[in-house]
Every structure is written in C-alpha cells, then in structure tokens.
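Inspection log for the structure reproduced underneath, given as structure tokens.
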Amino acid sequence: MPFPPTHEPADWAEADSGRVVRPYAITAGRHTPDSGSEFHLTTQVSSVAARRSTPRTATPEQIKIVHLCQDRPLSVSEISAYIDLPINIVQILLSELLAEDLIVIRSPDLHHDVPIATLEAVLNGLRAL
Amino acid sequence: MDYGHSDTTTAAPVTSPPGIEHHPLPLSVKIVIAGGFGAGKTTLVGAVSEITPLSTEERLTQASIGVDNTDGVQHKDGTTVALDFGRITIRDDLVLYLFGTPGQSRFWFVWDDLALGALGAVVLADTRRLADCFPSVDYFERRDLPFLVAVNCFDGAQRYQPDEVRHALDLEPDVPVVLCDARDRQSAKLVLVRLLENLIRTRSGQRR
C-alpha cells in the first residue's frame, strides 16, 4: 500500500472547500477503520469518564471528539456534523479512539427487526411531542 | 451497571471495557425521509427534530458512483453527498433519528446505508411534481422497507385526495397515504405516528 505524500506547511493555505487540512492527513493516511462495520450513522458514542485527560499523542480531532461526547452520547452522524468532517473520516477516528479505550460505543442491530416493545415506545414518544 | 452484557430488551451488546464509568448509551433507531427535490424533506425533519437539522457528508469512492456524478460536490479525493438529519430523544435509553435522502436519487449507495436497519420510511409527495417520488416508492418497494406516502400540501398547489395520489403512484393497498403540512410540527408528528402505527399493526398481524 503506497504511503500518502507528506503535507508541507504551504498546503495549509490551500483552499479546499473550507477545510484547511486534507481529510486523509487527519487520519495519517488510513482509509478504512479497523472496526468500521460498527460505526454506523446512528451508532452511539460516549467518552469514558476516567480517560477524559487524553494522551499526549491524541490529535486535535480526537480531542475534539472526546470533549464533544463527554456530557451526553452522540451518534456518529452528529459527531461528523459538529466537527465538520465526512462520516468516512469520523469512522476512522472513532476506531482509533475505541482502540485506545477513550470512548465506548453502542451500535444498532441493523439486520434484525426491533422488538414491538421498542416500536411502541417510539410511538408513545412521538405522540407526546 | 452491567458492562459487556446484552441489554435483554434490545439484544444490542455494549462495547466497553469492564469497570469503566461512562454515560449509559441509548438504543438508536432511524426513519428515512424521502421524496423529490424540494418536496419538503428537511422541512419536515426540522418541524419535529429537537435540534435544528444537521448536515453530514458521506464520501463515495469511485467504485460506488457512476460516471455521471455532477450532482455531488467534487473534491480531488472523490464525491461527497450531503445528508440532512434530525433527532428526537424518545427516552433516556432510546433515540430516534430522521435522515433525509440525498437530493438526487442516483446515489443508491447512500440510500442503502440509510435504509439498512431503518424502522420504515416516509415518502414526501409534492403534488406539483408527483412523478419525482416514483424513484423513492420504487426503491422502498424493492427493498421491502415499510413506508407511507405523505402528500405535502403546498399553498396554491392543487389539492388531491389521498385516493388520487394512491392511484397516480400505483401504490399497494397496504401503503398509507396521508396529507400533511411539512412545516407544521403537529402535522409532521402525525405522519411519523401514522408510520409507527402501521408498523406495529403489520408486525402484530404477522404469524410466526
């Protein structure tokens, strides 16, 4: 697998749809998450309380995510929207954070019907709006 | 707290290191909001969402898009497709997400991501351009994802009866057709309520 080119400081000034750093530079050239199949659009993410002080090796984007998810869980999609990075990139960052035990996640089961009790709970919640 | 144990009501395992404290993670479910361009998808999501609709991007690889990809935003690294979505917290342990389909129906790769594991879908019909929702109806029929059609009543648009829309879209008899105003919270809420009622009715009626 070819290494991505290193980014010179001049690249930071390049206009690229509003983003200064090219997305694959954020992920150090990785293109697929280790456990990407778990990070669905609605997978819930929460920071681990005991690990709120992130390691020195954490990147700015990783730190942003940990802070974002420390007060309440957020979905992969919400994280992507709030930090303004594509889902694909966020999935890679989250797999790194998960490997470091900085976050915990809960993935939806996309291959089985939810129980009727869950449908009824959703219905009741909607009716209460 | 039970870590690493399955939640018996949802059968979804929680991935966490034992003994580590964190906020309990809710179960997440989603409903897809589809329809033609300008039909009112983001409006409807915004009417019921507890947050202002957010926008996220999915990046498509060259392998997943066709040659004609002028409708996405072109970057050197590929094409990205924007998705609008909202959320409704049902309970501490249950969150509902509403995802709008991309502006153009050609991004089936993204539609597949949205439809996978969804409770069901709403197809918003704009009576000024009824044919625009044919692709959505076709898609959900082929995927066998339960859906209903919500006729968005725009000011000045000709009023159609649900039966006329049903006939024009050639819908199966078990697909509900409802009228709505996507801008109105109560009206939008009733669309989702109707979808859930239909899902429960269908599920209860199945013999296993």
Side-chain angles (χ1 to χ4, degrees), chain A residues 16-17 19 22-24 31 35 38 40-51 69-73 75-82 84-90 98 101 103-129, chain B residues 3 7 9-17 19-31 48 51 54-59 61 73 75-77 80 83 85 87-91 94-97 99 113-114 116-119 185-186 188-190 192-193 195-197 199-200 203-204:
Chain A
D16 179 29
S17 65
R19 220 169 278 130
R22 295 201 188 280
Y24 67 77
H31 296 279
S35 48
E38 298 178 67
H40 304 293
L41 293 169
T42 61
T43 293
Q44 297 290 297
V45 180
S46 179
S47 305
V48 176
R51 299 292 308 277
C69 300
Q70 68 189 21
D71 293 330
R72 69 315 190 207
S75 64
V76 171
S77 310
E78 286 164 298
I79 293 169
S80 165
Y82 288 132
D84 193 24
L85 287 173
I87 294 266
N88 320 67
I89 302 298
V90 171
L98 187 65
D101 289 333
I103 59 170
V104 289
I105 67 170
R106 182 175 184 180
S107 307
D109 180 357
L110 302 180
H111 298 286
H112 298 95
D113 287 340
V114 297
I116 290 193
T118 302
L119 293 177
E120 287 167 349
V122 173
L123 175 58
N124 290 332
L126 289 171
R127 281 179 174 152
L129 287 181
Chain B
Y3 296 100
D7 180 339
T9 62
T10 62
V14 178
T15 305
S16 62
I20 300 294
E21 192 187 327
H22 59 84
H23 289 287
L25 295 163
L27 174 69
S28 54
V29 292
K30 68 185 167 182
I31 291 173
V48 288
I51 58 173
L54 297 171
S55 187
T56 183
E57 292 179 346
E58 255 201 78
R59 170 157 300 162
T61 62
V73 178
H75 297 286
K76 245 159 84 168
D77 305 315
T80 59
L83 296 173
F85 68 98
R87 69 175 276 162
I88 299 171
T89 303
I90 301 291
R91 281 186 328 217
L94 182 56
V95 183
L96 167 65
Y97 290 94
F99 276 89
D113 268 356
L114 297 180
L116 182 62
L119 301 182
R185 181 173 170 80
Q186 288 304 311
K189 154 190 157 177
L190 287 176
L192 300 177
V193 162
L195 178 67
L196 265 298
E197 286 173 344
L199 292 174
I200 292 168
R203 187 83 72 83
S204 304

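Owing to the predicted nature of the structure, the values given are computational and were not obtained by experimental measurement.
- Of the atoms belonging to B/L195, not a single heavy atom falls under 4.5 Å from chain A.
- For the atom pair CZ of B/R59 and CG of A/L85, the computed distance is 9.5 Å after rounding to the nearest 0.5 Å.
- You'll find the side chain of A/S77 stays beyond 4.5 Å of the side chain of B/L54, heavy atoms only.
- Side-chain atoms of A/L41 and B/E58, non-hydrogen and from C-beta on, do get closer than 4.5 Å to each other.
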| request: Go through the steps to decide whether A/L126 and B/L96 satisfy the test side chain to side chain contact (heavy atoms under 4.5 Å, CB included), and finish with yes or no. | output: CA-CA 10 Å; A/L126 289 171; B/L96 167 65; 3.9 Å; yes
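- Neither the backbone nor the side chain of A/A117 comes within contact range of chain B; no heavy atom of the residue lies under 4.5 Å from a heavy atom of that chain.
- Among all heavy-atom pairs drawn from A/S46 and B/L25, the shortest one is CB-CD2, 3.4 Å.
- For the atom pair A/D113 CG and B/L199 CG, the distance stands at 9.5 Å (nearest 0.5 Å).
- Heavy atoms closer than 4.5 Å to chain B are found nowhere in A/V90, neither backbone nor side chain.
- Between atom NZ of residue B/K30 and atom CG of residue A/L110 there is a gap of 5.5 Å, rounded to the nearest 0.5 Å.
- In this structure, A/I87 CD1 and B/L83 CG are separated by 7.0 Å, a value rounded to the nearest 0.5 Å.
- The shortest distance between side-chain heavy atoms of B/R203 and A/V114 falls below 4.5 Å.
- For chain A, the nearby parts of B/L192 are the backbone and the side chain; heavy atoms of each come within less than 4.5 Å.
- Both the backbone and the side chain of B/L116 come within less than 4.5 Å of a heavy atom in chain A.
- Here OG1 of B/T80 is found 11.0 Å from CD1 of A/I89. Values are rounded to the nearest 0.5 Å.
- Atom CG in A/L119 sits 6.0 Å away from atom CG in B/L196 (nearest 0.5 Å).
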